[in-house]
Every structure is written in C-alpha cells, then in structure tokens.
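All remarks here apply to the structure that follows.
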There are 2 protein chains.
Amino acid sequence: MDTINRLTQIPIDSLHVDAIAVVTNLYRVAQGLKNKMEQEVLAEFGLSWTAFSMLYDLWIWESVETKKLALSSGVSKATVSNITKTLESKELCYRKTDNRDRRMTYVVLTDKGKQVMETLYPRFHKGEIEIVSSLSKDEQINMTKLLRQIIRDNQF
Amino acid sequence: MDTINRLTQIPIDSLHVDAIAVVTNLYRVAQGLKNKMEQEVLAEFGLSWTAFSMLYDLWIWESVETKKLALSSGVSKATVSNITKTLESKELCYRKTDNRDRRMTYVVLTDKGKQVMETLYPRFHKGEIEIVSSLSKDEQINMTKLLRQIIRDNQF
DNA sequence: TTAATATCGTTTCAAAGCTAACGATTTTGA
DNA sequence: TCAAAATCGTTAGCTTTGAAACGATATTAA
C-alpha cells in the first residue's frame, strides 16, 4: 500500500490514528473537566483550577516547598509565585523561608485556608464523581492504570 | 463501617477514590502533554497549544466559523478572537464575514498557514506517537473508547 | 580560601484566557 | 410592521501563565 494522506502527505500506514485519537480526546476531557469545575464549583470561591490544586496539596501536606508545588501542579515556578501571592492576599496561605537553606521557601496553609477547603472540597468531589460516573468502577480502575503508565514513561 | 477520613470528614465508603484517581491522573497527563508539545515542538514556531489546535482545524476544514473554533478547542470565544488576531498578524489566517449572516465570521487559512502546517504537523505527530507509545495498540483503542464515553456523557 | 557554578524564588514582560459589557445583526412575536 | 429578544464577534479589564533575566544563597573545585 502506498496510499498517501491528502493533507499530511504522510503514508497512511505510518499515520498513527490511534495515537492521535488518544491525545485529542485526552486533552478534550481534561479541558472540559477544568472548565466545568471552574464554572460550577470554584468560581464561587474565586479560585482557578491551579489555585485549587495548590490549596489541595497544602491541605494534605500542611506546608510544601514552592518547587514541589510547581512539579505537582505541572506549572512553572513563576506561576506558583504568582498564584501563591494571590492566595496570600486572600489570607489562605503564607510563605516562610527555610532557615537551613535560605534559597528555599515553604508555603503554609492558614486556618482560613483550611476552613475554605473543608467547605469547598466536598463540592469539588461531588463534581469529580459526576464527571467519571459514565465509567463503571472497573473502567475507572483500568483508565487510571493506563494513565499512570503514560505518566511513568513520560515522567510527567 | 463508620470510619471517617481525617481531612475531608467524609465517611470513607462514600469517598470515591477511583474517581479522584481518574480526574487527577487525567489532568496530569493532559498538562504534561501540552507542556511537552509546546516546549519541544511548538515553541520553535511561536505557537501555543491552542493556536496550533485552531490552525489544525483550519487545515482540515479550510475555513471555520469563530464559534466552532471555540467549541472545538474548548476555550471562550474571546480567546478565539485574541488568538486569531495573533495568527492574523503572523499572516497564517485571515477573517471573512459571512454575507448571508453578517454576524458570523469565518476564519480562513492562508497559503503561508498551510505551509507552516505542512512542516509542523509531521513533527507534532511524532511527539504524539512518542507520548502514547507506552500503550499497546489495544490499550490505545480502549483508552479512546473510555474517553469518548466521558465526552459523550458530559457533552464536552 | 575564593572564584566559578548551581540552585532557588521573584520580577519583568508578553501572550493566553475568562467574564462581562458592548455594538451590530438577525429573528421572533405581537 | 416594528419593537423585543436572541445571537454573534469584539473590546475592556482582569488573572493566569511561562521564558528569560535577575538577585540571593549554597555548593563545588581549584
């Protein structure tokens, strides 16, 4: 077969249609996920998806290094700097430089931040459940397995 | 069982851990995907992920209504307006108002835009393949099936 | 010891992105 | 027919985002 795709000029048998489908649909779901959550849950609290994601980390770990926040949320350290500044102005967290290594900064959750998460999280979780309720429990587990495989191999 | 999660105060049997895992890992992969592509492929062409996504639509359909671009990319119409403005300044596309309904605007790919896509797309596609190569062909197909299920049920 | 290198977080600047308000156009309904 | 409502894309004003440059601190190497 020497059939050539009209647009890409790539031979059809070397065009990985399945790979395209995975990437396209993956991003579409993530985008929909983010938009839905921001509009239906987070807007009321004046939080962006990333801001929530950081607050969540702080909720779990109490205090987290700036660098770890960036890695965990998949954004640049500049973004972490900006967002924690916003969160700090809302008194949801504060910054604390490490005395042992004064280059490092810890971000710490305030009591107010904790209270916000306690009322916010149940609603967020409800949204999560709604979104993936299209899948059975087994399908959810399988999906997670495949996603983790991608994360591991690409070091995301 | 009346065990209560320490943080959330939600009874453990009503905390849908599988749903959390799906959402978390899904977003992480999408974010990694976007970052990798923007850094390794798109940066060289001065294009963002969304800008590329729109150019791709234009490449396939030649001309697309602004509204459809927004839906397809999952961004607001204001963003489409901004990005097409940027693309227009780079002479990769131009705008054309519909004569039948003068409220509507079509975005059309220029020859230069077409040329850019012809050299850019093969590289982008290579990146796509790399990223999902962790999965077998069957796993890719299965993943797409599950993702489409979510998209359909949530109307993403 | 001290100069070079590395690491960390912030700042700067530009683009991306959203909501809301707006003007222009079309459709609807009385 | 013609005012009210709906629809479309842009603009205004804002936050988010990242690359690069920057200062401060720590580590390494000679």
Side-chain angles (χ1 to χ4, degrees), chain A residues 27 30-32 34-55 63-71 73-90 92-108, chain B residues 27 30-32 34-40 42-55 63-90 92-108:
Chain A
Y27 196 78
Q31 189 77 357
K34 182 189 168 201
N35 287 343
K36 181 191 165 85
M37 288 306 204
E38 287 189 336
Q39 285 162 15
E40 297 182 6
V41 182
L42 302 176
E44 183 180 340
F45 294 80
L47 293 172
S48 66
W49 173 278
T50 309
F52 171 78
S53 151
M54 289 183 188
L55 275 186
S63 98
V64 181
E65 305 122 81
T66 297
K67 196 190 171 189
K68 270 198 181 177
L69 280 179
L71 251 97
S73 305
V75 296
S76 72
K77 52 187 184 169
T79 300
V80 173
S81 202
N82 284 326
I83 295 204
T84 51
K85 197 195 293 176
T86 305
L87 291 176
E88 205 171 20
S89 75
K90 293 180 181 172
L92 301 178
C93 70
Y94 63 91
R95 281 179 262 199
K96 187 172 160 56
T97 55
D98 187 356
N99 283 328
R100 300 182 185 176
D101 185 341
R102 300 178 51 74
R103 290 172 303 182
M104 290 189 1
T105 302
Y106 286 91
V107 186
V108 188
Chain B
Y27 196 78
Q31 190 76 356
K34 183 190 168 200
N35 287 342
K36 181 191 166 82
M37 288 306 203
E38 287 189 337
Q39 286 162 15
E40 297 182 6
L42 303 176
E44 183 180 338
F45 295 81
L47 293 172
S48 67
W49 172 277
T50 308
F52 171 78
S53 152
M54 290 182 187
L55 275 186
S63 97
V64 181
E65 304 121 82
T66 299
K67 196 189 171 189
K68 271 197 181 176
L69 280 179
L71 251 98
S72 162
S73 305
V75 296
S76 71
K77 51 187 185 169
T79 299
V80 173
S81 204
N82 283 330
I83 295 201
T84 52
K85 197 194 294 176
T86 305
L87 291 177
E88 206 171 17
S89 76
K90 292 180 182 171
L92 301 179
C93 69
Y94 63 91
R95 282 179 263 200
K96 186 172 162 56
T97 55
D98 187 355
N99 282 327
R100 300 182 185 178
D101 186 342
R102 300 179 50 74
R103 290 171 303 183
M104 293 191 357
T105 300
Y106 285 92
V107 186
V108 188

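Keep in mind it's a predicted model, so treat the numbers as computed, not measured. Naming: A, B, ... by sequence-line order, numbering from 1 per chain.
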(message) Let me confirm one number: the CG-OG1 distance from Asn99(B) to Thr97(B), rounded to the nearest 0.5 Å.
(response) 6.0 Å
(message) So Thr66(A), base contact, sugar-phosphate only, or nothing? Heavy-atom distance under 4.0 Å.
(response) sugar-phosphate
(request) Could you pull out the closest heavy-atom pair between Val107(B) and Cys93(B), with the gap in Å? (result) CG1-SG, 3.7 Å
(request) Kindly write out the residues that satisfy side chain to side chain donor-acceptor pair (under 3.5 Å) with Ser72(B), not counting sequence neighbours, or none if the list is empty. (result) Asp57(B)
(message) Once salt bridge (charged side-chain N to carboxylate O under 4.0 Å, His left out) is applied, what residue pairs with a partner in residues 92-103 of chain B remain, sequence neighbours excluded?
(response) Glu88(B)-Arg95(B), Asp101(B)-Arg103(B)
Using atom types as modelled, flag every donor-acceptor pair under 3.5 Å from a side chain in residues 42-49 of chain A to any protein atom, sequence neighbours excluded.
residue  : atom : partner   : partner atom : Å
Glu44(A) : OE1  : Arg123(A) : NH1          : 3.1
Glu44(A) : OE2  : Arg123(A) : NH1          : 2.8
Ser48(A) : OG   : Ala51(A)  : N            : 3.1

(message) Can you give me the closest heavy-atom contact between Gln31(A) and Val75(B), atom names plus distance?
(response) NE2-CG1, 3.8 Å
(request) Starting from the 5' end of DNA chain C, give me the residue, Gln31(A) or Lys68(A), whose nearest nucleotide shows up first. (result) Lys68(A)
(message) For a quick check of understanding: with a heavy-atom distance under 4.0 Å over all strands, which category does Lys67(A) fall into, base, sugar-phosphate or nothing?
(response) sugar-phosphate
Under-3.5 Å N/O pairs linking protein and nucleotides 13-16 of chain D:
residue : atom : partner  : partner atom : Å
dT16(D) : OP2  : Thr86(A) : OG1          : 3.1

(request) Go through the structure and list residues passing salt bridge (charged side-chain N to carboxylate O under 4.0 Å, His left out) with Lys36(A), not counting sequence neighbours. (result) Glu40(A), Glu130(A)
(message) At a heavy-atom distance below 4.0 Å, which nucleotide of DNA chain C is the first touched by chain A, and which is the last?
(response) dA6(C) to dT19(C)
(message) Below 4.0 angstrom, which residues in residues 97-106 of chain A have at least one non-hydrogen atom near DNA chain C?
(response) Arg103(A), Met104(A), Thr105(A)
(request) For the residue pair Val80(A) and Lys67(A), establish whether any side-chain heavy-atom pair is separated by less than 4.5 Å. (result) no
(request) May I have all residue pairs that pass side chain to side chain donor-acceptor pair (under 3.5 Å) and include part of residues 74-85 of chain A, sequence neighbours excluded? (result) Ser76(A)-Thr79(A)
(request) State the OH-OH distance between Tyr94(A) and Tyr106(A), to the nearest 0.5 angstrom. (result) 13.0 Å
(message) Rounding to an integer number of Å, can you tell me how far Lys77(B) NZ sits from dA6(D) P?
(response) 14 Å
(request) Could you state the atom-to-atom distance from CG of Leu69(A) to P of dT17(D) in whole Å? (result) 13 Å
(request) Identify, between Glu38(B) and Arg95(B), the residue whose nearest nucleotide on DNA chain D lies closer to the 5' end. (result) Arg95(B)
(message) Taking side chain to side chain donor-acceptor pair (under 3.5 Å) as the definition, give me every residue that meets it alongside Ser53(A), ordered by chain and number, with sequence neighbours left out.
(response) Ser73(A)
